[in-house]
Protein chains: 2
Amino acid sequence: MTIKEVCEQFDITPDTLRYYERVGVIPEVNRTKGGIRDYTEEDIKWVENAVCMRSAGVPVEMLIEYVKLFQEGDGTIKARRDLLVEARVEVQAQLDKYQSTMDRLNYKISRYEEAIKTGVLTWDNCESKKN
Amino acid sequence: MTIKEVCEQFDITPDTLRYYERVGVIPEVNRTKGGIRDYTEEDIKWVENAVCMRSAGVPVEMLIEYVKLFQEGDGTIKARRDLLVEARVEVQAQLDKYQSTMDRLNYKISRYEEAIKTGVLTWDNCESKKN
DNA sequence: ATACTACTTGGAGTTAACTCCAAGTCAATA
DNA sequence: TATTGACTTGGAGTTAACTCCAAGTAGTAT
């Protein structure tokens, strides 16, 4: 699979994909004799993982560390588990923040909808209410 | 309330708070005769809102736009509602990504826990499994 | 064989959101 | 009054994560 195809599949740019490989967010990718990247299923799984983790803000640094441990073999199982648990803590914390922001947005929007519908501003200052 | 106290309450730095005011993420803050910031309840509500929105990745640009509309008065109710709805779409999309990353992390961690517990690597390559 | 296109590399540039800094001011204490 | 310490400003610097670029090469269509 070419770099272009992989990019379309995950909606990222070739530059990003090459960057991920360069810094070690994914292991080195399979190449043709000519040196052109030819992604295997395995390579693509790594890309999928990286894209997913990055989309939730897991730092590039952490992904690099994980790949490094993975390549060192079975002796790093516990270390990898710990790294993932650490990542999970961060992701969960962010998730909670997003949820509370959603709650706030929903509240504010409902107040605005109400004002628009009734044509009356039913609050002194939307911003100064607890929500 | 002093800048220091507000910072402690929201766990941010004075520099960040001054930056928010400077670029317009929050309206201009109340001052003492000497020119020192003295946050009112109203000011603090704005800070609370900004911190919450920023923690969910709502861009500074959008918050600035919102404050600007707010200061223009009641004629901008619909525009403000639209802005908030736009923000909500983004936040929800991010929330979904975080959730699917959590699912992936939970799956991977459980595989690792299993391997650690049994002492047996029950998969060829943790990364190459669908999850 | 000759274009043409898509790929390759290392390195420089960009962006958003802070974060730090130097120089100056003010209120309270010694 | 002199010093201290926290505050003020505008502007420069930093950081993470890309994103772009110039120069070169490989595979494909004419």
Side-chain angles (χ1 to χ4, degrees), chain A residues 1-40 43 46-47 49-67 86-87 90-91 94 97-98 101, chain B residues 1-40 43 46-47 49-67 86-87 90-91 94 97-98 101:
Chain A
M1 208 174 189
T2 70
I3 195 169
K4 194 184 243 291
E5 290 167 334
V6 177
C7 286
E8 277 160 13
Q9 180 170 340
F10 296 107
D11 195 31
I12 53 178
T13 68
D15 268 320
T16 298
L17 218 33
R18 283 190 287 256
Y19 163 72
Y20 281 173
E21 184 177 350
R22 183 160 24 150
V23 302
V25 162
I26 58 175
E28 292 206 353
V29 167
N30 183 49
R31 306 289 179 116
T32 63
K33 305 104 237 137
I36 293 187
R37 290 175 180 80
D38 181 25
Y39 293 77
T40 64
D43 293 330
W46 277 104
V47 172
N49 189 63
V51 170
C52 179
M53 293 297 148
R54 285 296 306 130
S55 80
V58 176
V60 160
E61 262 312 313
M62 195 174 266
L63 301 178
I64 292 170
E65 178 66 13
Y66 183 81
V67 169
E86 193 186 329
E90 298 298 322
V91 172
Q94 263 320 110
K97 284 183 186 167
Y98 273 77
T101 301
Chain B
M1 210 176 187
T2 69
I3 196 170
K4 194 183 243 291
E5 289 166 335
V6 177
C7 286
E8 276 161 14
Q9 181 170 342
F10 296 106
D11 195 31
I12 53 179
T13 69
D15 269 319
T16 298
L17 218 34
R18 282 189 288 255
Y19 163 72
Y20 282 172
E21 184 177 351
R22 181 159 27 149
V23 301
V25 162
I26 59 174
E28 292 206 352
V29 168
N30 182 51
R31 306 287 179 117
T32 63
K33 306 103 236 130
I36 293 186
R37 289 175 181 81
D38 181 24
Y39 293 78
T40 64
D43 293 328
W46 278 104
V47 172
N49 189 64
V51 169
C52 179
M53 293 297 148
R54 285 295 307 126
S55 80
V58 176
V60 159
E61 262 312 313
M62 193 173 268
L63 301 178
I64 292 170
E65 178 66 13
Y66 183 81
V67 169
E86 192 186 328
E90 298 299 322
V91 172
Q94 261 322 106
K97 283 183 186 167
Y98 273 77
T101 301

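Within every chain, numbering begins at 1; the chains are lettered A, B, ... in the order of the sequence lines, protein sequences first and strands thereafter.
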Give the rounded distance in Å between these two atoms: [atom1] of [X] and [atom2] of [N].
{"X": "A:Glu21", "N": "D:dT19", "atom1": "CD", "atom2": "P", "result": "17 Å"}
{"X": "B:Lys4", "N": "D:dC7", "atom1": "NZ", "atom2": "P", "result": "6 Å"}
{"X": "A:Arg22", "N": "C:dT8", "atom1": "CZ", "atom2": "C1'", "result": "11 Å"}

Heavy atoms only: give me the nearest B:Ala50-B:Val25 pair and the separation to one decimal.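 Taking every non-hydrogen atom into account, CB-CG1, 3.6 Å.
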
Given side chains that start at C-beta, do those of [X] and [Y] come closer than 4.5 Å, heavy atoms only?
{"X": "B:Glu90", "Y": "B:Met62", "result": "no"}
{"X": "A:Arg37", "Y": "A:Arg18", "result": "yes"}
{"X": "A:Val60", "Y": "A:Arg54", "result": "yes"}
{"X": "A:Tyr66", "Y": "A:Met53", "result": "no"}

Are there any protein N/O atoms within less than 3.5 Å of an N/O atom in nucleotides 13-17 of chain C, and if so, which ones and at what distance?
none

Side chain of A:Thr16: nearest nucleotide among D:dC18, D:dT9, D:dC7?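 Taking heavy atoms from C-beta onward, the closest nucleotide is D:dC18.
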
Shortest side-chain distance from A:Ile3, nucleotide among C:dT8, C:dT19, D:dT19: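 So the nucleotide nearest the side chain must be C:dT8.
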
Below 4.0 angstrom from OP1 or OP2 of D:dA6, is there any side-chain N or O of B:Thr2?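 For B:Thr2, the contact criterion (side-chain N or O under 4.0 Å from OP1 or OP2 of D:dA6) is not met.
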
Below the 4.0 Å mark, does C:dT9 have OP1 or OP2 next to a side-chain nitrogen or oxygen of A:Arg37?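 Result: yes.
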
Contacts of type salt bridge (Lys or Arg N to Asp or Glu O under 4.0 Å), residue B:Asp38, not counting sequence neighbours: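 Here no residue qualifies.
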
Using a cut-off of under 3.5 Å, enumerate the N/O to N/O pairs linking the protein to nucleotides 22-30 of chain D.
residue: D:dG27; atom: OP1; partner: A:Gly34; partner atom: N; Å: 3.4

With B:Tyr98 via ring-ring contact (aromatic ring centres under 6.0 Å, His included) - residues at least two apart: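 If we apply the ring-ring contact (aromatic ring centres under 6.0 Å, His included) test to B:Tyr98, skipping adjacent residues, the hits are A:Tyr98.
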
Report yes if a donor N or O on one partner sits less than 3.5 Å from an acceptor N or O on the other, where the partners are the side chain of A:Asp15 and the base of D:dC18; otherwise report no.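 No, no donor-acceptor pair under 3.5 Å.
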
Check whether the side chain of B:Arg18 and the base of D:dG10 form a donor-acceptor pair under 3.5 Å.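 No pair found.
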
For B:Asp38 and A:Thr13, find the nucleotide of DNA chain D closest to each by heavy atoms; which residue's nucleotide sits nearer the 5' end?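 Looking at DNA chain D, the more 5' nearest nucleotide goes with B:Asp38.
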
Please table the atom pairs, donor to acceptor, closer than 3.5 Å between any side-chain atom in residues 3-14 of chain B and protein atoms at least two apart or in another chain.
residue: B:Glu5; atom: OE1; partner: B:Thr2; partner atom: N; Å: 3.0
residue: B:Thr13; atom: OG1; partner: B:Thr16; partner atom: N; Å: 3.1
residue: B:Thr13; atom: OG1; partner: B:Thr16; partner atom: OG1; Å: 3.0

If a pair satisfies salt bridge (charged side-chain N to carboxylate O under 4.0 Å, His left out) and one of its residues is in residues 22-34 of chain A, list it, with sequence neighbours excluded.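 Sorted pair list: A:Glu21-A:Arg31.
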
